[in-house]
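Numbering of ligands and ligand atoms starts at 1, following listing order. The figures that follow rest on heavy atoms only: side chains count, while hydrogens, waters and symmetry mates do not. All residue numbers in this chain count up from 1 along the given sequence.
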Amino acid sequence: MTQTPRSYVYIANWKMYFTFQEATAWVEQHGKQLEELAAQENAKIILAPSMSALQSITTHFQNTPINTAAQDCSDRTTGAFTGQNSARDIASIGATFCIIGHSERRTLQGDTDAAIAQKCSNLLQSGITPILCIGESAQDRASGQTLQVLQAQLSWVSSMPFISSTASIPLLIAYEPVWAIGTGQVPTLAELTTVFSWLKTIGLPSGTRLLYGGSVTSKTIASPKSCPLIDGFLIGGASLDFQEFKNLVHY
Ligand code: PGA
């Protein structure tokens, strides 16, 4: 009897790498194979393109198992906020997930925990599942502060009204150490086990799924995949190349 593979979540975070043309060409070329891959591997695959391509990619994958995510949303609901995208707007084009709190936004755009909490609330009100990124810096890690930093980044979660019936997954949390993003460095299995075991004990909303992100490739995925506490992966650079993405899903 063949065993059904464990159901992992794979989020392709395309950041600001692709233009609209490049993102839609990727989907035209590989979309069918991506759907087949999701079915074969019993995987939940979520593509997070830039806003320009989100609508057309979401429409492309309508009525398929492939989901889409925005890479961020505004902490405001509507109004005079030039350059921002509301959770309502993201929901209106049919996307069902949204990344918040990515370290590139925390460090480069000054996103605070209070703003991230507000974004989370806006998303839940629009029926979108938040993908909340948390992670410590190299300095935090060196000074043994990892769990304290993660705890501070999650401090507001317990008071957020998660209504699990609005989505199949109420919340995704991606542990992405800042020092591992785009560097080729990944935590040891012992480090991952410490963080993910701790995450299991802190009373996160029921149904929360826990992901790892940071330099995930087909060469580095073995160790996080051997940790039974990890439900999936947030993948940046390696998700741009279809063959590489396929290899790491298939690993
Ligand atoms: P990376 O990025 O896979 O390129 O390290 C991950 C992320 O920032 O989500």
Side-chain angles (χ1 to χ4, degrees), residues 8-18 22-23 26 30 34 43-51 53-54 57 67-73 90 95 97-111 116 119-120 123 128-138 140-141 146 149-150 153-154 169 171-189 191-192 195-196 199 208-225 227 230-251:
Y8 282 111
V9 178
Y10 298 89
I11 304 172
N13 177 11
W14 286 350
K15 308 194 181 192
M16 204 180 73
Y17 284 112
F18 284 151
E22 290 161 348
W26 192 104
H30 307 297
L34 196 67
K44 187 166 191 74
I45 295 178
I46 303 169
L47 296 183
S50 58
M51 269 315 275
L54 185 60
I57 292 180
N67 294 99
T68 55
Q71 295 179 7
D72 187 46
C73 70
I90 294 163
F97 293 85
C98 180
I99 299 171
I100 50 173
H102 192 282
S103 75
E104 285 151 17
R105 290 215 48 101
R106 290 179 191 262
T107 55
L108 303 173
Q109 314 293 326
D111 281 14
I116 295 161
K119 291 176 186 202
C120 183
L123 290 171
I128 298 178
T129 300
I131 303 161
L132 171 63
C133 300
I134 57 170
E136 82 287 2
S137 67
D140 300 328
R141 180 193 189 210
T146 298
V149 169
L150 302 182
Q153 291 173 339
L154 290 168
I169 305 171
L171 176 66
L172 286 155
I173 292 188
Y175 169 56
E176 297 206 300
V178 181
W179 52 268
I181 297 176
T183 60
Q185 274 182 274
V186 288
T188 62
L189 184 56
E191 285 174 308
L192 289 173
V195 168
F196 283 88
L199 285 169
T208 297
R209 303 199 72 188
L210 302 176
L211 317 183
Y212 168 73
S215 295
V216 173
T217 68
S218 58
K219 300 206 167 49
T220 61
I221 202 164
S223 165
K225 263 201 178 165
C227 177
I230 296 178
D231 302 314
F233 305 91
L234 179 49
I235 304 129
S239 69
L240 301 168
D241 179 274
F242 177 71
Q243 194 54 50
E244 171 62 1
F245 187 63
K246 186 176 168 184
N247 289 346
L248 69 85
V249 170
H250 189 64
Y251 187 92

Peer 1: Distance-only, no hydrogens or angles: does the Glu244 side chain make a donor-acceptor pair with backbone N or O of Ser218 under 3.5 Å?
Peer 2: yes

Peer 1: Should Gly213 be listed as contacting ligand 1, given a heavy-atom distance under 4.0 Å as the test?
Peer 2: no

Peer 1: If we only count N/O pairs under 3.5 Å, is Leu234 in contact with ligand 1?
Peer 2: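 Among all N and O atoms of Leu234, none is under 3.5 Å from an N or O of ligand 1.
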
Peer 1: Spell out, as yes or no, whether a donor-acceptor pair under 3.5 Å connects the side chain of Asp140 to the backbone of Thr146.
Peer 2: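 Checking the backbone N and O of Thr146 against the side chain of Asp140, no donor-acceptor pair under 3.5 Å is found.
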
Peer 1: So is Gly214 polar-close to ligand 1, meaning N/O to N/O under 3.5 Å?
Peer 2: no

Peer 1: Just say parallel, tilted or perpendicular for the rings of Tyr8 and Phe233, cut-offs at 30° and 60°.
Peer 2: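 Tyr8 and Phe233: tilted rings.
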
Peer 1: Name the closest protein heavy atom to atom 2 (O) of ligand 1, giving the residue it belongs to and the distance to 0.1 Å.
Peer 2: Lys15 NZ, 3.2 Å

Peer 1: Looking only at protein heavy atoms, which one is nearest to atom 3 (O) of ligand 1, and how far off is it?
Peer 2: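 Looking only at protein heavy atoms, the one closest to atom 3 (O) of ligand 1 is Gly236 N, 2.8 Å.
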
Peer 1: Can you report which non-hydrogen protein atom sits closest to atom 7 (C) of ligand 1, along with the distance?
Peer 2: Glu176 OE2, 3.2 Å

Peer 1: For the residue pair Glu104 and Ile181, establish whether any side-chain heavy-atom pair is separated by less than 4.5 Å.
Peer 2: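 Yes; the side chains approach each other to less than 4.5 Å.
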
Peer 1: What pairs with Leu240 under side-chain contact (heavy atoms from CB on, under 4.5 Å), at least two apart in sequence or on another chain?
Peer 2: Trp14, Tyr17, Phe18

Peer 1: Mark yes or no for whether Ser215, through its side chain, and Ala180, through its backbone, hold a donor-acceptor pair below 3.5 Å.
Peer 2: yes

Peer 1: With no hydrogens and no angle check, is any side-chain donor or acceptor of Arg105 less than 3.5 Å from a backbone partner on Ile116?
Peer 2: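 Looks like no, no N/O pair under 3.5 Å.
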
Peer 1: Counting each atom of ligand 1 from 1 as listed, which ones have a heavy atom of His102 under 4.0 Å away?
Peer 2: 7 (C), 8 (O), 9 (O)

Peer 1: Can you sort out which atoms of ligand 1 are near Gly182, meaning under 4.0 Å from one of its heavy atoms?
Peer 2: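 In order of numbering, the contacting atoms are 1 (P), 5 (O).
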
Peer 1: Mind checking whether Ser215 has a heavy atom under 4.0 Å from ligand 1?
Peer 2: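 Under 4.0 Å: yes for Ser215.
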
Peer 1: With heavy atoms under 4.0 Å as the rule, classify the contact between Ile181 and ligand 1 as side chain, backbone, both or neither.
Peer 2: both

Peer 1: Of all the non-hydrogen atoms in the protein, which one sits nearest to atom 4 (O) of ligand 1, and at what distance?
Peer 2: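 The closest heavy atom on the protein side is Gly237 N, 2.9 Å.
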
Peer 1: With heavy-atom distances below 4.0 Å as the criterion, list the atoms of ligand 1 near Asn13.
Peer 2: 9 (O)

Peer 1: Determine whether Val186 and Tyr212 make a side-chain contact, defined as any pair of heavy atoms from C-beta on separated by less than 4.5 Å.
Peer 2: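 Heavy-atom side-chain distance check passes, below 4.5 Å.
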
